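If you're wondering where the values come from, they're calculated on a predicted model, not measured in any experiment. Positions are given from 1, in the same order as the sequence printed here. We count ligands from 1, going down the list as the structure has it; atoms in each ligand are counted the same way.
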Amino acid sequence: MALREIVKFGEDILRKKCRPVTVFDEKLWTLLDDMKETMQQAQGAGLAAPQVGILRRVCVIDVRDKHGVIELVNPEIIEATGSQTGGEGCLSAPGEWREVERPATVTVKAQDRNGNEFTMTGEGLLARAFCHETDHLDGVLFIDKAIFTEEQA
Ligand code: NI
């Protein structure tokens with residue numbers, strides 16, 4: 001495993017749409033392992049492939065719950081209900097913290113590192129992470145969805 005450099009806000013690559021993963025090989029496994037290590041070293045709750053310069057639909061999430069590290073390949077949000085508003089940050093924007101409204105409960109359909117399909121439902125922080133990380137795969141950043149407060153005006 002190896003640490004990868006995290007791309008920061010302002011880089012064009014963070015605005016690109018990622019392509020689906022079609023080959024589940026050692027190259028993908030290395031990417032996932034490296035992303036996991038990079039996320040943990042940076043103490044983040046999630047990391048998407050474009051943040052390490054790879055335009056593929058891959059992300060890792062760790063909200064320190066019972067699931068541990070979750071690997072999502074080709075994730076798709078298939079159900080989202082309710083709403084929650086809370087502080088959100090991103091490893092590509094150190095020190096930035098904004099209020100963002102997200103669904104309260106989110107179900108994703110994804111593939112694991114071997115290509116097996118699964119679904120997973122998360123609430124609270126996990127629901128927020130599912131949304132934040134899948135957004136990255138379409139070039140959408142949390143600042144696009146931040147609630148504009150008077151304080152920032
Ligand atoms: Ni992010």
Side-chain angles (χ1 to χ4, degrees), residues 1-21 28-80 82-113 118-149 151-152:
M1 293 206 284
L3 290 175
R4 304 230 182 170
E5 197 180 323
I6 299 176
V7 174
K8 299 298 188 297
F9 278 20
E11 299 277 341
D12 287 348
I13 195 164
L14 292 178
R15 290 303 191 178
K16 303 234 160 94
K17 198 173 161 71
C18 297
R19 285 166 298 153
V21 170
L28 172 68
W29 302 337
T30 301
L31 173 65
L32 282 161
D33 290 341
D34 289 355
M35 284 174 61
K36 177 182 158 180
E37 192 180 352
T38 304
M39 170 180 69
Q40 288 175 332
Q41 204 263 348
Q43 297 183 305
L47 187 68
Q51 293 181 274
V52 293
I54 306 288
L55 287 171
R56 287 287 179 181
R57 304 190 79 80
V58 174
C59 60
V60 292
I61 288 170
D62 185 3
V63 294
R64 284 113 183 144
D65 66 357
K66 62 178 181 189
H67 298 99
V69 177
I70 300 166
E71 299 177 348
L72 300 175
V73 179
N74 300 326
E76 237 181 282
I77 292 174
I78 55 170
E79 203 182 337
S83 105
Q84 58 171 322
T85 302
E88 204 167 303
C90 180
L91 289 178
S92 292
E96 286 233 30
W97 200 252
R98 302 281 186 85
E99 292 284 306
V100 183
E101 187 182 353
R102 299 287 193 185
T105 306
V106 173
T107 301
V108 286
K109 182 178 85 176
Q111 284 165 285
D112 67 16
R113 60 167 59 205
F118 65 96
T119 61
M120 189 181 274
T121 299
E123 296 177 356
L125 252 186
L126 185 54
R128 182 174 291 283
F130 284 157
C131 295
H132 181 114
E133 300 312 327
T134 53
D135 272 355
H136 268 300
L137 307 181
D138 291 316
V140 175
L141 304 175
F142 79 108
I143 45 169
D144 304 338
K145 296 185 168 177
I147 295 166
F148 197 72
T149 63
E151 206 177 298
Q152 293 157 340

Check: Sorted by chain and residue number, which protein N/O/S atoms are under 2.8 Å from the Ni ion (ligand 1)?
Finding: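 Hits for the Ni ion (ligand 1) below 2.8 Å: Cys90 SG, His132 NE2, His136 NE2.
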Note to self: Closer than 4.0 angstrom, basic N to acidic O: yes or no for Asp33 and Arg4?
What the structure shows: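 Judged by the 4.0 Å cut-off on N to carboxylate O distance, Asp33 and Arg4 do not form a salt bridge.
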Item checked: Electrostatic pair Glu88:Lys145 at N-O distance under 4.0 angstrom ->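 Answer for the salt bridge query: no.
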Next item on the list: Look up atom NE2 in His136 and atom NZ in Lys17, then write down how far apart they are to the nearest 0.5 Å.
Entry: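 One finds 15.0 Å between NE2 of His136 and NZ of Lys17.
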Checklist line | Over 12 foreign heavy atoms within 6.0 Å of CG, Asp12 | finding: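 Check fails, neighbour count at 12 or below.
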Next item on the list: Count the heavy atoms of every other residue, nucleotide or ligand shown that sit under 6.0 Å from CD of Glu123, and state whether that count exceeds 12.
Entry: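 No, because the 6.0 Å sphere around CD of Glu123 holds 12 heavy atoms or fewer from other groups.
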Note to self: For Cys90, run the side-chain contact (heavy atoms from CB on, under 4.5 Å) check against Lys8, His132, Arg98 and tell me which one passes.
What the structure shows: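 Between Cys90 and the candidates, side-chain contact (heavy atoms from CB on, under 4.5 Å) is satisfied uniquely by His132.
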